[in-house]
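Report on the structure given below.
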There are 2 protein chains.
Amino acid sequence: MVALRDMNVSLLDWEARCILESLSRELERLRAVSENVDDEDAATDAGNDYLELVGLKERFESEAKAVFGDQITNFSRDSIWPVR
Amino acid sequence: MVALRDMNVSLLDWEARCILESLSRELERLRAVSENVDDEDAATDAGNDYLELVGLKERFESEAKAVFGDQITNFSRDSIWPVR
């Protein structure tokens with residue numbers, strides 16, 4: 001059996017939020033592709049990719065909420081980025 | 001002084017690659033907005049957001065390469081997702 005390697009990354013509040021927002025936008029993109037592309041294979045691929053990514057996003061979101069609270073999913077412009 | 005809280009997340013190879021690809025697409029989107037939007041404020045916001053996100057992506061990519069090697073940035077369809 002081959003042990004799967006993993007990386008451990010430490011993320012601040014705004015970094016976790018950026019990643020969550022990026023994952024959400026990628027999910028929207030994949031859903032749009034799966035629903036609108038004429039090529040059946042491409043649509044199926046996008047649909048499968050969507051299902052993989054949605055699981056990752058759910059786990060990431062759950063872990064982020066445990067640390068930062070529910071506000072971590074607030075993507076409104078005023079709160080996403082660090083104060084400049 | 002307020003200590004900044006952070007989260008520690010453990011990611012497998014394909015999960016790190018998905019996040020990297022999602023961050024790359026979000027960067028492309030922000031660059032397109034900053035270059036093409038007529039509203040000057042919106043273009044400036046997108047440009048600033050781009051600069052914040054590019055730093056996060058560079059750190060994440062560097063840490064991912066240290067664990068998984070350079071192949072982690074290969075986003076070709078055959079290798080991104082786990083074998084189904």
Side-chain angles (χ1 to χ4, degrees), chain A residues 2-30 33 41-42 44-69 71-72 75-84, chain B residues 2-30 33 41-42 44-69 71-72 75-84:
Chain A
V2 178
L4 289 172
R5 276 197 296 179
D6 57 11
M7 72 181 280
N8 285 286
V9 65
S10 175
L11 298 167
L12 295 173
D13 173 293
W14 72 271
E15 295 173 323
R17 192 179 292 105
C18 285
I19 289 178
L20 267 181
E21 186 175 16
S22 298
L23 291 176
S24 298
R25 285 194 192 274
E26 178 65 357
L27 283 171
E28 284 170 27
R29 191 189 69 82
L30 288 169
V33 170
D41 287 344
T44 302
D45 283 348
N48 287 333
D49 290 354
Y50 179 92
L51 293 176
E52 300 285 351
L53 195 57
V54 86
L56 171 60
K57 189 215 161 199
E58 281 172 4
R59 175 171 76 87
F60 191 95
E61 184 172 303
S62 160
E63 293 184 20
K65 280 184 176 176
V67 175
F68 302 117
Q71 59 84 27
I72 200 67
F75 298 148
S76 74
R77 226 20 35 196
D78 292 342
S79 60
I80 293 183
W81 306 94
V83 176
R84 283 187 284 264
Chain B
V2 177
L4 288 172
R5 277 197 296 181
D6 57 9
M7 72 182 280
N8 285 287
V9 65
S10 176
L11 298 168
L12 295 173
D13 173 292
W14 72 271
E15 295 173 322
R17 192 179 292 105
C18 285
I19 289 178
L20 266 181
E21 186 174 18
S22 298
L23 291 176
S24 298
R25 286 194 191 273
E26 178 65 355
L27 283 170
E28 283 170 26
R29 191 190 68 82
L30 288 169
V33 171
D41 287 343
T44 302
D45 283 349
N48 287 332
D49 290 354
Y50 179 92
L51 292 177
E52 300 285 350
L53 196 58
V54 87
L56 171 59
K57 189 215 160 197
E58 280 172 3
R59 175 171 75 88
F60 191 95
E61 185 173 302
S62 161
E63 293 184 22
K65 280 184 176 175
V67 175
F68 302 117
Q71 59 84 26
I72 200 67
F75 299 147
S76 74
R77 227 18 38 194
D78 291 342
S79 58
I80 293 185
W81 306 95
V83 176
R84 283 185 284 263

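Every chain is numbered from 1, with letters handed out A, B, ... down the list of sequences. A quick note: this is a predicted structure, and the numbers were derived from the prediction, not measured.
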Exercise for review: For A:Ser10, check side chain to side chain donor-acceptor pair (under 3.5 Å) against everything at least two apart and list the hits.
Suggested key: B:Asp6
Exercise for review: Please step through side-chain contact (heavy atoms from CB on, under 4.5 Å) for the pair A:Arg17 and A:Gln71, ending with a clear verdict.
Suggested key: CA-CA 9 Å; A:Arg17 192 179 292 105; A:Gln71 59 84 27; 2.4 Å; yes
Review point. Quick one: does B:Ser22's side chain have a donor or acceptor within less than 3.5 Å of a partner on B:Cys18's backbone?
Key: yes
Review point. Checking heavy atoms, do the side chain of B:Leu23, its backbone, both or neither come under 4.5 Å from chain A?
Key: both
Review point. For A:Leu12, is it the side chain, the backbone, both or neither that has a heavy atom under 4.5 Å from a heavy atom of chain B?
Key: both
Check your understanding: Highest number of heavy-atom pairs under 4.5 Å with chain A: which of B:Val67, B:Leu27, B:Val9?
Key -> B:Val9
Practice item. Report the residues that fulfil salt bridge (charged side-chain N to carboxylate O under 4.0 Å, His left out) with B:Glu63, sequence neighbours left out, ordered by chain and then residue number. Key: B:Arg59
